Asker: 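Got a structure for you, written out below as C-alpha cells; questions coming shortly.
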Amino acid sequence: MACESALPAIMDEQALMGLNPNADACYRQRALAYFEQLKESLDGWEVCAQALAKGVYSDDHVKFFCFQVLEHQIKFRHGSLTAAQQQLIRETLMKWLQAQLMNVHPEKPFIRNKVAQVLALTFVMEYLTLWPKFFFDILSLVGLNPNGVDIYLRTLMAIDAEVVDRDILHSPEETRRNTLIKDSMRERCIPALVESWFQILQTYQHTHSELTCQCLEVVGAYVSWIDLNLIANDRFVNLLLSHMSMEELREEACDCLFEIVNKGMDPVDKTKLVESLCQVLQSAGFFSIEQEEDVDFLAKFSRLVNGMGQSLVLSWTKLSKMGDVKVSAETLRAVEGKVPLMLQLLIHEDDDISANIVGFCYDYLHVLKQLPALNEQQKTNVEAIMLAVMNKLKYDDEYNFENEGEDEAMFVEYRKQLKMLLDRLAQVSPELLLEAVHRVFNATMQNWQTVQFMEVEMAIRLLYMLGEALPASHGAHFSGDTTKTSTLQSMMRTLIICGVSEYQHSSVTLEFFETVVRYDKFFLVEPQHIPSVLMAFLDHRGLRHSSPKVRSRVAYLFSRFIKTLYKHMNAFIEDILSRIQDLLELAPPENGFPVLLSSDDQLFMFETAGVLIVNGESPAERKQALMRSLLTPLMEAFRMLLAKLPQEANEERQAVLADCLNHAVGFASRTSKAFSNKQTVKQCGCSEVYLDCLQTFLPAISCPVQRGPLRSAVRSFLHRMIICLEEEVLPFIPAASQHMLKDCEPRDLQEFIPLISQITAKFKNQVSPFLQEIFMPLVMAIFEVLSRPAEENDQTAALEKQMLRRSYFSFIQTIASSGINEVMASQGAENIERVLFTIIQGAVDFPDPVAQKTCFIILSRLVELWGGKDGLVGFPDFIYKHIVPACFMAPLKPTFDLSDAQTVLTLSECTLTLHMIHLKRGLECIQFLQEYLPSLQVSPEITQELCQVLQQPDVKVLKNYMKVFFQQAKL
C-alpha cells in the first residue's frame, strides 16, 4: 500500500485481525505497521472516520484502533487539515455520539474513555475558533439520554485533564491557551453546564448511581475555577446533602463537598461558607458519627471535616496577619467548635478515618502554639488530643511482626503522622506532655506482667518519642531543666529496674533496646545500671533472642551503646568479649546450620569488639593480645578458604567461597574503625597484627578465579590500612599494584586509581620513586581499556568508560598538585607528550563537563610548573600549539552548554588556565593571541578588548568577560 492519499476507501481486513490481543505475532506486527501507515498518510484517517460514522465494525479493538488514528490526526496534524477535513472530524464524532443514544448496550468503558479523550482534544483545538458551540451542540444532542450523558461527563473530565489539571506539565503556550479557554467558558457556557449537572443529578440520583457519581466528580473538578455561587446555593447544597444519605452516592457527595470547601477564596467568605455547611450537616445528623457503621463513608467524611477545619485555620491565619481582631476571634471560635468532632474522628478505631483528620489536628495545635496563653477549654483539648494519640499509637492484635505486609506498612506510616502530632503537642505544652507520658508510663510499668503487649510497647514508645519531641542539644536530656531531667531519669530508672526487658514479645524487646540507646547519656549520670543493661544485650533478651529481626537490630544498637559508653566498660571488656566470641566467628560456607547473625550484623559486632579493645585501659601488650585473638581466627579461615577456591570447579560454590573471603576481610577492616587520633594503631601496639592481616589478604588479588570481588575487598582493606598504618603499609603497595594492573576490567581500574591517588596525596615525596615506576604501566592499562571496542548502544560500557576517564584525569590532577612533578617529568618526552595529548583531548573532545573541568585544572597546574623560563623543554611550544587553542575550542563546541552549572565551573577553570599562561609567559602570550584570535573570526576590536581584560589583575572580571565572550560567539 502506498502512503499519501493512495489508500483505498476500505480498511486492510487482515491487518485488523492483528488487533485482537490473542492474534499471532505476524498479524500483530502487520496491524502495528498498518497503524503507522494510517497515521502517516495524509488522508488514511478518513477511512477510519467513515468506518466510525457508519458503524461498520462491531469489534471493540477495531473501533478503539480507529479512534487512535483519529486522535493522532487531531493531536499532531490539526493545523494542516483543510476546513473540510476538520468539519469531517466534527461530523464523525457527532454521528458516532448520535448512534450511541440508540444503543441498547453501551460501548465498553475503554472505548468511551478514548472517545472522551478525542472529543476533549478536538475541544482544546477548536473551541476558541472553530467550534464555540461545542457544549451546546453536545448537550442539545444527548439531552438526558444515559448513554449520551455518560460520554458528556467523561468528556468533561478529559477536558479537565487537558486544561485544568495542575499535575500535568504544560508549556507556556499551552498555559496561555488554557487560561483563554477557561475565561471563554466562564463567559459563554459555565451556567449552562452547571444547570446540566443539576438536571443530571436530579434525574438519575435514584435510578443510575454510576452516572450520578460521575457527575459529582465533574462538579468537584470544576468547582475550583468557576463561580462558587453557581454551586454553593440552597438548591445545589440540599441536593448534595440528600446524596449524603444515599448509600451509593454518599462517598462521592462527600468528595464533592470537600472540593467546594477547598476552593480558594476570601477568608471571611470561606468562614461563612464552612460554617453554613457545618450547620446543615449537623442538623442533618452527620456529626453523630458513633451511630455510623460504614467506615468507607466515615473515611471520606473525616477528610471533609479535615478540609473544613484546615480551611478555617487558614482563614484565621490570614485574618490574624491582617490584624482583624474581632473577625479572627470569631473564626477561632469556629475552629474550636469543630474540635469535639475532630477528636471523635481522631480516636476512631479505624486508622484510615483517624489518619484523614490528622492534618486539621496538627494545624489546630499550631494555632494554639501561637496564642499567648491557653484557656481551660484549650488545655482540656490538648490533653484530649494527647490521650487520643497515645491510644492510637498502639498496635492491634492482627499486626504481623514476623512477616510485615502492606497493612503493617500503612500502620507504620500512620504512626509517623501521630509522631508529628506528639512533636507539635510538645511545642504547645511540654509540661503537659511530660506529665501525661510519665503518668501512663508509670502505671503500665507497675503492672507490665499482666498488661497486653501493645500497652507495654506503647508506654515505652512514648518515652522513646519524648527524646525527639522535647528538644535537647546533642541528646543532653539529663542536664539543664530539672523538672524534665528528673522525670526522664525517673522513667529510665523504672524502665531498667522493673524487669520489663523480660517481656515475651519482640515489639516490647525492641522498644526497650531502642529506648536504652536513645537515652544512652542517662548511664553517664547513673552508671550503676550499666551491668544489668549489658546482660540484657548479651543474653536471650538481646543478641540471643529467638527472633532474627531482634538479634539483627540489637547487634547495631549494642555497637552504638558501647561507642557512647566505652569509658565505663573497662571492668567488663574481657567478659563481654568472651560472651560474644561465638558471634565473631566466620560462618563457614559448607555449614548448613542457621547462623545467629548475618554477615552485615557481624560487622557491628567486630566494630564493637574493636572499640572495647582499643579504648580499654589495659597496657599495649594486652590490647595487642586481645586484637590478635580477635583477628587470628579470621586469618586462619581466610588462608584455608583461599587455598580451596582455585580448586573449586563449580561457579556457584566459587562465588560462595569468595563471599566468605570478602566477609573475613570486611570484618578485619571494621575492627580498625575503633582507632582514632588519640588511640592510634601504633600506640595500642596493634600494627603487627594488621600487617599480618595485610600479608594474609594480599595473595587473594592474584587468585585466578572470582578476581573482581576479591580485588575489591583487598583494595578496601588497603584504603583502611593507609589511614591506620600510614608508612608501614608502603612496602606492600608495589607488589599489590602490579597484580591489580594485570587483566584489568574498567571497574577494577576505576577502583584502583583512588587507592593510588590516596597514597600520592598522603605520602607525596615518599612514594615518588614508586609512582615514577608505576605511572606509565597504569596509564597504558587505562589506555588499553579505553580503546577496547564496545557496541554502539551499550550504555553500561559507555558509562564505565566515562567514569574511568574521569578517574584517570583525577589521578593526573593528584600527581600534578602533590608537588611531585618529577613523576611525570621523568617519563621521557614521548610518553609525556602522549599523556598531555590525552588531557587536551579530555578538555576539548569529550562532552563531559566534570572531566573537562579536571583537565583544565591539570593544564593550569602544568603551566604553573613547566611554563616559566626554567620549565620543561619544549613545553612553551605545547602551550601555544595546544593549550591556548583548547581554551577557545572547548567552550565553542555545541555541546558546551553555558546554561548548565557544571559547565560554567569548567569555563571558570578554562579562564584560570588562560590567566596562568599570561602570568607565566607575559607579553609573548598577548602577542600570540593577537595573531591567533583573528583565525577564529574574532574582530580586531574584540581581540584587543580580550587582551586588555587578560592583562588586568582581577580574575573575577576576566571570568565574567569570558562568559559573555563565548555567549556572544555562540549566537
Side-chain angles (χ1 to χ4, degrees), residues 172 809 813 816 833 836-872 874-971:
F809 292 133
Q813 186 193 344
E833 194 169 298
L836 288 174
F837 276 125
T838 63
I839 299 162
I840 294 291
Q841 194 181 21
V844 179
D845 292 343
F846 296 110
D848 174 7
V850 175
Q852 287 176 290
K853 179 180 143 200
T854 310
C855 289
F856 279 115
I857 293 172
I858 297 166
L859 291 171
S860 186
R861 179 73 180 133
L862 293 179
V863 170
E864 189 183 354
L865 291 171
W866 296 340
K869 301 284 181 281
D870 48 357
L872 196 69
F875 192 71
D877 264 2
F878 186 82
I879 290 176
Y880 294 125
K881 275 188 186 164
H882 302 289
I883 301 182
V884 173
C887 292
F888 288 92
M889 299 319 291
L892 286 170
K893 288 253 171 178
T895 50
F896 199 89
D897 177 10
L898 285 167
S899 63
D900 169 61
Q902 191 65 55
T903 307
V904 172
L905 293 176
T906 304
L907 180 61
S908 176
E909 292 303 335
C910 167
T911 305
L912 289 174
T913 306
L914 265 180
H915 178 70
M916 182 57 72
I917 294 168
H918 175 253
L919 276 182
K920 287 287 170 185
R921 308 302 303 175
L923 195 58
E924 174 190 284
C925 165
I926 300 297
Q927 287 164 348
F928 175 79
L929 284 173
Q930 284 168 340
E931 289 172 25
Y932 171 70
L933 288 173
S935 71
L936 299 177
Q937 272 74 54
V938 178
S939 70
E941 300 80 45
I942 300 289
T943 301
Q944 203 52 40
E945 194 176 78
L946 191 151
C947 291
Q948 278 170 354
V949 175
L950 186 58
Q951 288 174 83
Q952 57 80 49
D954 190 343
V955 179
K956 201 172 175 188
V957 174
L958 178 62
K959 282 183 182 179
N960 292 335
Y961 178 83
M962 292 308 282
K963 190 174 178 185
V964 175
F965 174 85
F966 287 113
Q967 280 169 338
Q968 293 294 323
K970 290 181 143 200
L971 288 177

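One is the number of the first residue; the rest follow in order along the sequence. Please read all numbers here as calculations on a predicted model, not as lab measurements.
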Asker: I need the single residue from Met962, Met916, Lys956 that forms a side-chain contact (heavy atoms from CB on, under 4.5 Å) with Thr911. Which is it?
Answerer: Met962

Asker: From Leu958 CG over to His918 NE2, what is the distance, rounded to the nearest 0.5 angstrom?
Answerer: 10.0 Å

Asker: Side-chain polar contacts of residues 854-865 - donor-acceptor pairs under 3.5 angstrom, sequence neighbours left out - could you list them?
Answerer:
unit_1 : atom_1 : unit_2 : atom_2 : d
Thr854 : OG1    : Val850 : O      : 3.0
Arg861 : NE     : Ala816 : O      : 2.8
Arg861 : NH1    : Glu864 : OE1    : 3.3

Asker: Just how far is it from atom CD of Gln951 to atom CG of Leu946, taken to the nearest 0.5 Å?
Answerer: 10.0 Å

Asker: Using 30° and 60° as the class limits, which term best fits the ring planes of Phe837 and Phe878: parallel, tilted or perpendicular?
Answerer: perpendicular

Asker: Applying side chain to side chain contact (heavy atoms under 4.5 Å, CB included) to Leu907 and Phe965, what does each step give before you reach the verdict?
Answerer: CA-CA 11 Å; Leu907 180 61; Phe965 174 85; over 6 Å; no

Asker: What's the shortest heavy-atom distance between Cys947 and Gln930, and which atoms?
Answerer: SG-CG, 3.9 Å

Asker: Please answer whether the main-chain N or O of Glu909 pairs with a side-chain N or O of Thr913 as donor and acceptor at a distance below 3.5 Å.
Answerer: yes

Asker: Go through it in stages, so that I can follow the logic: the residues are Leu836 and His882, the test is side chain to side chain contact (heavy atoms under 4.5 Å, CB included), and I'd like the CA-CA distance, side-chain angles, deciding distance and then a yes or no.
Answerer: CA-CA 9 Å; Leu836 288 174; His882 302 289; over 6 Å; no

Asker: Hey, what do you get for CZ (Phe888) to OG (Ser935), rounding to the nearest 0.5 Å?
Answerer: 9.5 Å

Asker: Please name the residue in the list Tyr932, Phe928, Phe875 that meets the ring pair (Phe, Tyr, Trp, His ring centres under 6.0 Å) test with Tyr880.
Answerer: Phe928

Asker: To the nearest 0.5 Å, what is the distance between CG on Leu919 and SG on Cys925?
Answerer: 9.5 Å

Asker: Using atom types as modelled and distance alone, determine if a side-chain donor or acceptor of Gln948 lies under 3.5 Å from a backbone N or O of Glu945.
Answerer: no

Asker: In the structure I gave you, are the side-chain heavy atoms of Gln841 and Phe846 within less than 4.5 Å of one another anywhere?
Answerer: yes

Asker: When rounded to the nearest 0.5 angstrom, what distance separates NZ in Lys920 from CH2 in Trp866?
Answerer: 13.5 Å

Asker: Do Pro876 and Arg921 have side chains that get closer than 4.5 Å, going by heavy atoms?
Answerer: yes

Asker: Could you walk me through whether Lys893 and Asp845 pass the side chain to side chain contact (heavy atoms under 4.5 Å, CB included) check?
Answerer: CA-CA 9 Å; Lys893 288 253 171 178; Asp845 292 343; 3.9 Å; yes

Asker: Of the non-hydrogen atoms in Ile839 and Phe809, which two are nearest, and what is the gap between them?
Answerer: CA-CE2, 4.0 Å

Asker: For the residue pair Val957 and Gln952, establish whether any side-chain heavy-atom pair is separated by less than 4.5 Å.
Answerer: yes

Asker: Is any side-chain heavy atom of Gln968 closer than 4.5 Å to a side-chain heavy atom of Val964?
Answerer: yes

Asker: What is the minimum heavy-atom distance between Pro885 and Ile879, and which atoms define it?
Answerer: CD-O, 4.1 Å

Asker: Are any of the side-chain heavy atoms of Tyr961 and Leu950 separated by less than 4.5 Å?
Answerer: no

Asker: Which heavy atom in Ala890 sits nearest to a heavy atom in Val844, and how many Å separate them?
Answerer: CB-CA, 4.1 Å

Asker: What pair of heavy atoms forms the shortest contact from Val904 to Leu898, and how long is it?
Answerer: CG2-O, 3.4 Å

Asker: Restricting to non-hydrogen atoms, name the atom on Pro849 and the atom on Gln902 that form the minimum distance, rounded to 0.1 Å.
Answerer: CB-CG, 3.8 Å

Asker: To the nearest 0.5 Å, what is the distance between NE2 (His915) and OG (Ser908)?
Answerer: 11.5 Å

